[in-house]
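This structure is a prediction, so every number in the text was calculated from the model and none was measured. As the structure lists them, so they are numbered: ligands from 1, and atoms in each ligand from 1.
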Amino acid sequence: MTREEFKVRILPDEVTVTAKTGDNLLEVAARGGLGVKSTCGGAGTCGRCLVQVRDGEPRVESQLNLSINQRKAGTVLACQTFVQGDLSISIPEESRLNRHQVLLGEGRAEAETETEVEDGLSAYSLEPLSRKFVVELTPPSLEDWTSDYCRLLAQLRQDSGITDLRVSFPVMGELADILREAGWKVTATLVNRGSFWEVIRVEPGSSPKPSLGIAVDIGTTTVVAALVDLATGKVLDRRGTYNRQATYGDDVISRIVHAVEEPSGLSELKTAVLDTINGLLKEIIAGNNLEAQDIHAMTVAGNTTMSHLFLGISPRYIRLEPYTPTLSKIPPLTAEKLGLLIHPQAGVFGFPSVASYVGGDIVAGVLATGLGDEEPMTLLVDIGTNGEMVLGNNQWMVTCACSAGPAFEGGGITHGMRAMRGAIERVSIDQFTWEVELSVVGGGRPAGICGSGLIDCLGQLKQAGIIDRAGKFTEKIKHRRLVERDGEKEFILAYAYQSGIGRDITISGNDIKNLIRSKGAVYAGIRSLLRLVELNVEAIDRVFIAGGFGNYLNIDQAIEIGLLPDLPREKYRFVGNTSLKGAIQALNSATAWEKVEQLMEGTTYLELSAGNLFLDEYVSALFLPHTDLSQFPSVGQICVS
Ligand code: FES
């Protein structure tokens with residue numbers, strides 16, 4: 001008899017996963033709760049999913065360009081290696097996703113560290129999307145035989161001032177007994193359902209339990225959740241982790257492809273994000289000694305694709321011209337419908353999207369920054385795989401999204417990695433000696449370089465004259481850091497003996513090309529918005545840099561390479577994870593939540609693929625900093641031409 005199930009032991013975590021013949025090691029690791037990098041979504045082309053086989057003989061389909069030494073050491077591509085017997089494997093640090101540096105709100109913090117409790121209040125007054133009221137009812141009598149349902153609602157209307165009230169079906173079933181057992185004094189929990197409020201819970205007496213809400217930012221890379229006390233508006237806890245959908249690819253396009261082309265792709269992606277959120281909820285509930293029942297409302301902000309996948313709706317047409325989402329506004333939903341592990345009748349409020357590539361996360365960012373409420377002309381920029389930007393003030397807003405490519409998140413870069421432990425986040429190159437100083441996330445030896453490090457690196461290579469304005473390595477100078485491998489020049493940032501991966505960490509000519517394309521796309525997006533509204537860059541009063549990447553960005557270097565406009569540095573402000581902040585604000589204020597829809601409707605979307613506006617700007621931006629140097633007056637002269 002042949003065995004159908006096998007054990008895969010994963011080291012050094014000592015996790016054992018049951019697998020079937022033909023399961024690939026990427027899926028097996030994910031089932032064991034261990035994220036492995038998979039930029040290409042398991043297509044076998046990115047080479048990021050390296051694991052080592054310690055024991056056993058899996059079936060290896062492709063080895064891409066693994067070196068002989070790597071093969072000898074048992075290194076395989078997890079996505080191309082299939083179970084056919086018991087196995088023991090190890091996942092090296094540089095292949096792991098699960099130590100992400102997750103931006104939990106303001107400033108930098110790591111997923112595994114404790115975070116500060118922070119005031120979740122905003123310009124809006126506290127009127128949360130779920131509220132508790134203690135009500136005392138007059139008991140029924142032969143003279144007053146009004147139903148329990150009507151009696152409760154009449155008293156609630158009087159006490160709360162809310163007129164359109166209903167009672168959820170599960171509460172109806174238990175209402176009579178609770179009212180009588182409690183001596184007609186109960187605590188009712190109400191949830192906003194858009195056009196009315198619904199009683200979702202009735203507890204005997206004056207309940208000492210808090211009324212809680214959760215704000216969630218679903219990022220393509222990371223997911224962050226904040227626990228909010230709805231009675232005070234305070235944030236009690238924050239937790240973040242990587243988005244388990246990362247197993248199916250790094251960016252929204254590879255997720256859409258997986259959802260559309262794989263038979264069970266959509267449900268896999270929905271399950272992955274739901275498991276991610278539920279995992280955070282369990283952590284929050286256990287860490288704060290709560291019961292899931294005590295969480296009565298949840299706001300969710302994410303890009304348009306993430307919102308679709310969270311709801312289990314196919315994002316197929318987001319990717320196809322004319323780029324139409326199935327939903328832009330999301331109706332109020334219940335936790336039960338979505339499979340969220342909080343009170344089943346809790347209200348779930350999804351932020352609306354402006355367009356296929358400007359989603360609820362950006363709308364939440366506009367809410368959080370007050371961009372649409374204030375007079376100063378403001379540019380909000382969120383740079384990730386997509387660069388999303390909004391320009392405007394309380395009179396009007398325009399927005400666009402450009403495909404920045406994965407370079408700033410480490411994708412398509414030889415030693416690129418996300419901003420996690422071991423990533424080079426700062427680079428300084430001596431202009432005379434070319435000696436390099438590095439700052440590494442978490443200290444220790446570097447394993448690769450993340451977006452902020454790459455921007456520094458590009459700026460510093462340019463300032464030191466190691467590359468020219470087109471990003472090409474200069475022919476004139478010889479140095480031991482400038483080497484040629486496989487016909488391509490590379491600059492060594494960390495020698496093998498200094499690095500944590502036993503190899504030189506370098507930046508190649510091809511990496512530089514990718515970075516220039518990415519920075520060119522973001523700058524061209526900003527210029528396109530300005531040209532659309534016929535404004536000069538000087539008209540911008542302030543620039544808000546949002547998102548995980550923004551927090552580590554060196555503004556001087558970003559301007560040096562032509563990623564951001566050459567404006568006085570004091571105009572720039574890092575605003576952190578504004579998607580989460582907006583979600584917290586909406587949770588705390590029904591007025592803010594109503595405002596969200598106005599913001600979304602009042603924002604004009606510029607589709608960059610239509611016409612030549614963006615393309616012209618993009619081509620001009622493919623230099624360091626730009627073909628038109630007059631746009632960068634403060635950027636110093638380069639050392640070589
Ligand atoms: Fe395995 Fe890309 S090569 S995920």
Atoms of ligand 1 close to G42 [distance to a heavy atom under 4.0 angstrom, numbered from 1]: 4 (S)
Ligand-side contact atoms (ligand 1) for residue partner C46, heavy atom cut-off under 4.0 Å: 2 (Fe), 3 (S), 4 (S)
Nearest non-hydrogen partners of T75 and L66, listed with the distance: O-CD1, 3.4 Å
Rounded distance [0.5 Å steps], OG in S353 versus NE2 in H308: 7.0 Å
For G44, atoms of ligand 1 separated by under 4.0 Å from a heavy atom: 3 (S)
Atoms of ligand 1, numbered as shown, that sit under 4.0 Å from any heavy atom of C49: 1 (Fe), 3 (S), 4 (S)
Spatial distance of atom SG (C402) from atom CG (N386) [nearest 0.5 Å]: 7.0 Å
Test item: L608 and S528 side chains (from C-beta on) under 4.5 Å apart, heavy atoms: yes
Atoms in ligand 1 flagged as close to S38, the criterion being non-hydrogen separation under 4.0 Å: 4 (S)
Min heavy-atom dist A43 to ligand 1 below 4.0 Å: no
Numbered atoms of ligand 1 (with element) below 4.0 Å of T45, judged on heavy atoms: 3 (S)
F408 and K519, any side-chain heavy atoms less than 4.5 Å apart: yes
For atom 3 (S) of ligand 1, the protein heavy atom that lies nearest, with its residue and separation: G47 N, 3.3 Å
Side-chain donor/acceptor of S67 to backbone N/O of Q70, under 3.5 Å: yes
Ligand-residue contact atoms, ligand 1 with C79, heavy atoms, under 4.0 Å: 1 (Fe), 3 (S), 4 (S)
Ring-face cation of R59 near F82 (centre distance under 6.0 Å, axis angle within 45°): yes
